[in-house]
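Before any comments, here is the structure.
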2 protein chains.
Amino acid sequence: METKTGTTTEGCCSVLVQPIDTADAEPLARAFAALGDPVRLRLFSLIASSGPVCSCDLLEPLSKSQPTISHHTKALAEAGLIVGEKQGRWVWWSAVPRRVEELRAALSAR
Amino acid sequence: METKTGTTTEGCCSVLVQPIDTADAEPLARAFAALGDPVRLRLFSLIASSGPVCSCDLLEPLSKSQPTISHHTKALAEAGLIVGEKQGRWVWWSAVPRRVEELRAALSAR
DNA sequence: CTGTCGTATTGACATCTGTCGATCTATTGC
DNA sequence: GCAATAGATCGACAGATGTCAATACGACAG
């Protein structure tokens, strides 16, 4: 069934990920939770796709207040998904490729 | 900075994902949120790595009550990450590879 | 039909979360 | 120093969430 997708469900390939240890689960879940809000997910995708982005450039496309944007950037930063470099009055946010790779790996087989 | 990891932040490779449309953000965020709880993440990894699993086999490794497990399986199912097939008194849960692939794709470049 | 077993649902509770207005901090320009 | 601006923090509030005890539902065994 559903062998059309290329991801067959027979033999070795039925395994998508390996069981996650209790200790590893918390930080991983933290990162997934950070992407678990629609606004924050779009916020992250904007930063990750446009390179370093100023916070001021995020208010309009997301239609949220300044404190809300600040709240979300903080959440993403604490999850290790983005880092902010302060330059004068501005903060330039950029994604952390290594962290994203960790999430992708957790969703991969083996 | 951090060009040691191999994932350079220059040129084309600074792009990890493409901006996510507002319409696409909600279902995607729903799935990420489903993985955003440590218990639920481990629950999913157990199902995904062990093939079809009976609910009764999940209580002990997760050290949670039966209603809590049922609550989490329901959440994962509504997020499209697992499906349950009822066989007599038991329910056999298995992961949905296509859905996992969607999440992995959202975290990939291009 | 009756009791048992695996799950789902309900109700309740404490905690967490997303949001915004108001305010504070820090930096730039004059 | 003073006003303006970018961002962070605080306080508040409605709504969502994780958890469990109690209960209901459905299937099987006798």
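No hydrogens, no waters, no symmetry mates; every other heavy atom, side chains included, goes into these values. To find a chain, count down the sequence lines: A is the first, B the second, and so on, and within it residues start at 1.
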Rounded interatomic separation in angstrom, taking CG from D57(B) and P from dT7(C):
8 Å
Ignoring backbone atoms, establish whether K86(B) has a side-chain N or O less than 4.0 Å from OP1 or OP2 of dG26(D).
no
Is the closest basic N to carboxylate O distance between E101(A) and R98(A) below 4.0 Å?
no
Residue whose nearest DNA chain C nucleotide is more 5′ - C54(B) or H72(A):
C54(B)
Considering only dC28(D), dA6(D), dT9(D), which nucleotide approaches the side chain of R89(B) most closely?
dC28(D)
Rounded distance (Å) that lies between atom C1' of dT15(C) and atom CG of D37(B):
13 Å
Would you please name every residue forming a side-chain contact (heavy atoms from CB on, under 4.5 Å) with A25(A), sequence neighbours left out?
I20(A), P38(B), R42(B)
With L76(A) as partner, the option from V83(A), L41(A), L81(A), V96(A) fulfilling side chain to side chain contact (heavy atoms under 4.5 Å, CB included) is L81(A)
Does dT10(C) have OP1 or OP2 sitting under 4.0 Å from an N or O in the side chain of H71(B)?
no
Under-4.0 Å side-chain N/O to phosphate OP1/OP2 contact, T68(A) with dC20(C)
yes
Rounded interatomic separation in angstrom, taking CH2 from W90(B) and C1' from dG26(D):
13 Å
Tell me the interatomic distance from L35(A), atom CG, to dT17(C), atom P, rounded to whole angstroms.
14 Å
Whole-Å distance between dA8(D) P and K64(A) NZ?
18 Å
Establish, with yes or no, whether the OP1 or OP2 oxygen of dC20(D) is under 4.0 angstrom from a side-chain nitrogen or oxygen of S65(B).
yes
Closest of dT19(D), dG7(D), dA22(C) to the P67(A) side chain is dA22(C)
Any donor-acceptor N/O pair under 3.5 Å between dA6(D) base and Q66(A) side chain
no
Taking atom P of dT7(C) as reference, at what distance in whole Å does atom CG of L58(B) sit?
9 Å
For the pair made of CD in Q87(A) and C1' in dT28(C), what is the distance, rounded to whole Å?
14 Å
Between atom CG of D37(A) and atom CD of E26(B), what is the distance when rounded to the nearest 0.5 Å?
9.5 Å
Could you tell me whether the phosphate oxygens of dG18(C), OP1 or OP2, come under 4.0 Å of any side-chain nitrogen or oxygen in R40(A)?
yes
When you look at W93(B) and S55(B), which way does the side-chain hydrogen bond (donor to acceptor under 3.5 Å, both in side chains) test go after all the steps?
CA-CA 7 Å; W93(B) 297 101; S55(B) 291; 2.7 Å; yes
On DNA chain C, more 5' by nearest nucleotide between S63(A) and I69(B) is I69(B)
Could you give the CH2-to-P distance, from W92(A) to dT27(C), as a whole number of Å?
17 Å
It should be established whether K74(A) places a side-chain nitrogen or oxygen under 4.0 Å from OP1 or OP2 of nucleotide dA8(D).
no
